[in-house]
Protein chains: 2
Amino acid sequence: MGAKTDTREKILNTAASLFQKNGYHATGLNEIIRESESPKGSLYYHFPNGKEELAIAAVTLAGSMIQEQIEEKLARDSDPAQAIKHYILDLADSFEEENPDNQVSLSLLALEIAPIRDSLRDACKQVFELCADTYYRKLITCGFPEEKAKEISSIIFVMIEGAMSVSLVRNDPVMLVAVAEQISILLNN
Amino acid sequence: MGAKTDTREKILNTAASLFQKNGYHATGLNEIIRESESPKGSLYYHFPNGKEELAIAAVTLAGSMIQEQIEEKLARDSDPAQAIKHYILDLADSFEEENPDNQVSLSLLALEIAPIRDSLRDACKQVFELCADTYYRKLITCGFPEEKAKEISSIIFVMIEGAMSVSLVRNDPVMLVAVAEQISILLNN
DNA sequence: ATATATATAGACCACTTGATATATTTTTGT
DNA sequence: ACAAAAATATATCAAGTGGTCTATATATAT
């Protein structure tokens, strides 16, 4: 049964990576099975509902990988403003890398799949919530009042996703740097 | 020759609306000609390079419509923070409307088409620049120093696009309201 | 009025899409 | 060892894709 997990994970990892990088509609199932070297039969065995089920699993996987990365990187600095700024500057630094661990933007995939079906939208919402909550917990840990932490953490998430989108479109991470510079202003007011 | 403009514009308007709402890859040429009630021959007569050329024209059109809207709405309040906040709250208010004038998010379309080809990326960059520049000019008019205005206007654009993306995914405009509340903090620091 | 450019109309094409069906192999439990 | 379940492997499908082609209609200009 080790094989099961193997193939399933290979398909899922490949799908998540391609969906995140190129988008949902631009990624064909054939591309996924080719890249993951798995037959189509296995795809539909492990994901009987096909592409949509794969999308839910992919966005969830991508989200939890991002969440882990945020958590790790925020732990490096005790000051929350510095921690978040530090994290964003790292995103800018690793902007060119194709490494799937550095694929931080969820907007493209989420914008594409959320309207398809409620189950897909719900998965996206959950992933967004997970990411924002990671900032929230950092702020709470650092003594921010609950209300303020709730507010700011959402804004942080919005700013990072927005900056990533603009950076991807322009193929230039300077917008991430600009956002990083504004974080302290946001936290200290 | 009145007919020419008519058909061309009908195709372009339809394409822009569908691309913006549903995305580039999710929108088929057949859907565009059906919805615009134009034959395929006309599409390829007016846009010989097919879907990609249509995408460039569409993102440019959508961008200039958004730019006009921003400009109009920013003119309502003399105080820049109030003007921008007012504009964003209007976006939140009209979130449910399907009216193409209220389709303000460019992220989905831009994220999809920018990687296809440099000419498409360039068109997206130009549109982004156009929008950010509208905030910039408002800030300059209100006496902001050049450097600060440059910085802030980009951040505003990023925050609004980010908030629109999150709102679209969640199908809930509250994130726009949250961003609106932060504008004054950004401008006064 | 007629020739010419402009524009419309839609049939058609090769190709890809997501999905299904069926056959085969591999693993597991007894 | 053997039966049952799990998983893999393809061939195949209808529907849809973007794009091309040729024929026709509609203006425009002289």
Side-chain angles (χ1 to χ4, degrees), chain A residues 1-59 108-109 112-117 119-120 123, chain B residues 1-59 108-109 112-117 119-120 123:
Chain A
M1 194 191 265
K4 160 170 181 170
T5 331
D6 253 35
T7 304
R8 206 197 105 101
E9 286 206 351
K10 225 165 42 166
I11 292 172
L12 178 52
N13 286 331
T14 305
S17 176
L18 290 173
F19 282 162
Q20 224 184 322
K21 184 156 63 103
N22 304 331
Y24 178 76
H25 289 108
T27 304
L29 293 187
N30 295 324
E31 194 182 352
I32 294 172
I33 63 164
R34 193 186 332 118
E35 194 121 337
S36 67
E37 296 168 293
S38 315
K40 192 165 271 192
S42 297
L43 192 157
Y44 276 94
Y45 174 77
H46 294 291
F47 303 93
N49 288 346
K51 204 181 183 186
E52 292 185 10
E53 184 178 354
L54 203 42
I56 295 180
V59 78
L108 172 57
L109 178 53
E112 282 187 288
I113 71 176
I116 293 176
R117 196 177 294 278
S119 55
L120 303 204
Chain B
M1 192 190 267
K4 160 169 180 169
T5 330
D6 253 36
T7 304
R8 206 196 104 99
E9 286 207 351
K10 224 165 43 167
I11 292 172
L12 178 53
N13 286 331
T14 305
S17 176
L18 290 173
F19 283 162
Q20 224 183 323
K21 185 156 63 101
N22 303 329
Y24 179 74
H25 294 293
T27 304
L29 293 187
N30 295 324
E31 193 181 351
I32 293 171
I33 63 164
R34 194 188 329 122
E35 193 121 336
S36 68
E37 294 169 298
S38 316
K40 192 165 271 193
S42 297
L43 192 158
Y44 275 92
Y45 174 78
H46 294 291
F47 303 93
N49 288 346
K51 203 182 184 185
E52 291 185 10
E53 184 177 354
L54 204 42
I56 294 179
V59 78
L108 171 58
L109 178 53
E112 281 186 288
I113 71 175
I116 293 177
R117 196 177 294 277
S119 56
L120 304 204

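As the structure is a computational prediction, the values presented were derived from the model and not from experiment.
For the helix from C:dA1-D:dT30 to C:dT30-D:dA1, the angle separating the two terminal helix axes comes to 10°, with each axis derived from five pairs and the value rounded to 10°.
Residues meeting the salt bridge (charged side-chain N to carboxylate O under 4.0 Å, His left out) test with A:Glu52, sequence neighbours left out: A:Arg117. Evaluation of the salt bridge (charged side-chain N to carboxylate O under 4.0 Å, His left out) rule for A:Arg34 yields no partner, not counting sequence neighbours. Scored by the side chain to side chain contact (heavy atoms under 4.5 Å, CB included) test, B:Ile56 finds B:Thr60, B:Ser119, B:Leu120, B:Ala123 as partners (sequence neighbours excluded). With sequence neighbours left out, the side chain to side chain contact (heavy atoms under 4.5 Å, CB included) criterion links B:Ser17 to B:Pro100, B:Gln103. In terms of the side chain to side chain contact (heavy atoms under 4.5 Å, CB included) criterion, residue partners of A:Asn49 (sequence neighbours excluded) are, by chain and number, A:Glu53. Partners of B:Lys21 under the salt bridge (charged side-chain N to carboxylate O under 4.0 Å, His left out) rule, at least two apart in sequence or in another chain, are B:Glu98. Listed by chain and residue number, A:Glu112 satisfy the side chain to side chain donor-acceptor pair (under 3.5 Å) test with A:His25 (two or more places apart in sequence, or in another chain). For B:Glu35, the side chain to side chain donor-acceptor pair (under 3.5 Å) criterion is met by no residue, not counting sequence neighbours.
Scanning both residues, A:Thr7 and A:His46, for their nearest heavy atoms gives CB-NE2, 4.2 Å. Closest of all the heavy-atom pairs between A:Lys40 and A:Asn30 is NZ-OD1, 2.8 Å. Here the closest non-hydrogen pair linking B:Lys51 and B:Tyr24 is NZ-O, 3.0 Å.
Separating the CZ atom of A:Phe47 from the P atom of C:dT20 is a distance of 16 Å, rounded to the nearest angstrom. Between A:Arg8 atom CZ and C:dT26 atom C1' there is a gap of 20 Å when expressed in whole angstrom units. The separation between A:His46 atom NE2 and D:dA7 atom C1' is 6 Å, rounded to whole Å. Note: CG (B:Leu43) to C1' (D:dT17) measures 14 Å, nearest angstrom.
A heavy-atom distance below 4.0 Å to DNA chain C is reached by none of the residues of residues 15-34 of chain B. The stretch residues 49-59 of chain B comes close to DNA chain D through B:Gly50, B:Lys51, each having a heavy atom under 4.0 Å from the strand.
The backbone N or O of B:Ser38 sits nowhere less than 3.5 Å from a side-chain atom of B:Ser42 that would complete a donor-acceptor pair.
For A:Tyr44, counting side-chain heavy atoms from C-beta on, the closest listed nucleotide (C:dA7, C:dG18, D:dT8) is C:dG18.
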Each nucleotide N or O in nucleotides 9-14 of chain C that has a protein N or O under 3.5 Å away: list the pair and distance.
{"from": "C:dG10", "atom 1": "O6", "to": "B:Gly41", "atom 2": "N", "distance (Å)": "3.3"}

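Within the structure, a side-chain polar atom (N or O) of A:Tyr45 is placed less than 4.0 Å from OP1 or OP2 of D:dA7.
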**Study point:** Evaluation steps, side-chain contact (heavy atoms from CB on, under 4.5 Å), between A:Tyr45 and A:Arg8
**Key:** CA-CA 9 Å; A:Tyr45 174 77; A:Arg8 206 197 105 101; over 6 Å; no
